[in-house]
Amino acid sequence: MNSTHAIRQLVARALYLKQLTPDIENAINSELTRLGFISEVDYEALELLMAEMDAGRIKLVPAS
């Protein structure tokens with residue numbers, strides 16, 4: 001995955017699916033760990049994801 005777009009693409013996938021799956025969450029965490037920092041654009045994408053989750057439009061899917 002292109003590192004400059006990985007987090008935004010993962011957030012976009014969660015928004016499209018209307019759910020944050022364990023795979024998407026793990027991939028976001030891995031990318032954040034690998035990069036060691038978060039860009040302003042990625043931060044805004046994650047803020048949007050959290051706002052959508054708080055509003056109940058995105059479900060958190062538990063690990064099975």
Side-chain angles (χ1 to χ4, degrees):
M1 200 171 278
N2 185 342
S3 64
T4 60
H5 301 291
I7 293 172
R8 286 178 282 173
Q9 288 174 348
L10 290 163
V11 168
R13 185 181 309 162
L15 293 173
Y16 176 78
L17 295 173
K18 298 193 184 309
Q19 57 186 8
L20 180 59
T21 64
D23 289 340
I24 294 172
E25 186 176 10
N26 289 337
I28 289 171
N29 289 335
S30 293
E31 193 62 21
L32 288 169
T33 300
R34 187 183 70 77
L35 291 173
F37 69 96
I38 183 167
S39 71
E40 187 170 332
V41 175
D42 288 338
Y43 183 83
E44 290 172 358
L46 290 172
E47 276 189 320
L48 173 61
L49 178 61
M50 295 299 109
E52 291 296 302
M53 290 178 70
D54 289 345
R57 292 184 284 266
I58 303 293
K59 296 179 190 173
L60 178 60
V61 178
S64 50

#### Entry: Separation between NE2 of H5 and CG of D42, rounded to the nearest 0.5 Å
9.5 Å
### Query
Shared ILVMFWY cluster between V41 and L48, side chains joined below 4.5 angstrom?
no
Donor-acceptor pairs under 3.5 Å, side chain of residues 14-26 to any protein atom, not counting sequence neighbours: which ones?
unit_1: T21; atom_1: OG1; unit_2: I24; atom_2: N; d: 3.2
unit_1: N26; atom_1: ND2; unit_2: P22; atom_2: O; d: 3.2

### Summary
Contacts satisfying salt bridge (Lys or Arg N to Asp or Glu O under 4.0 Å) that involve residues 53-64 (not counting sequence neighbours) are E52-R57
### Summary
Between the CD1 atom in I7 and the CG atom in L46, the distance rounded to the nearest 0.5 Å is 6.0 Å
### Message
Test of understanding: clusters of I, L, V, M, F, W, Y form through side-chain heavy atoms closer than 4.5 Å, transitively. Do L10 and Y43 belong to the same one?
### Response
yes
#### Entry: Pairing residues for A45 by the side-chain contact (heavy atoms from CB on, under 4.5 Å) criterion, not counting sequence neighbours
R8, V11
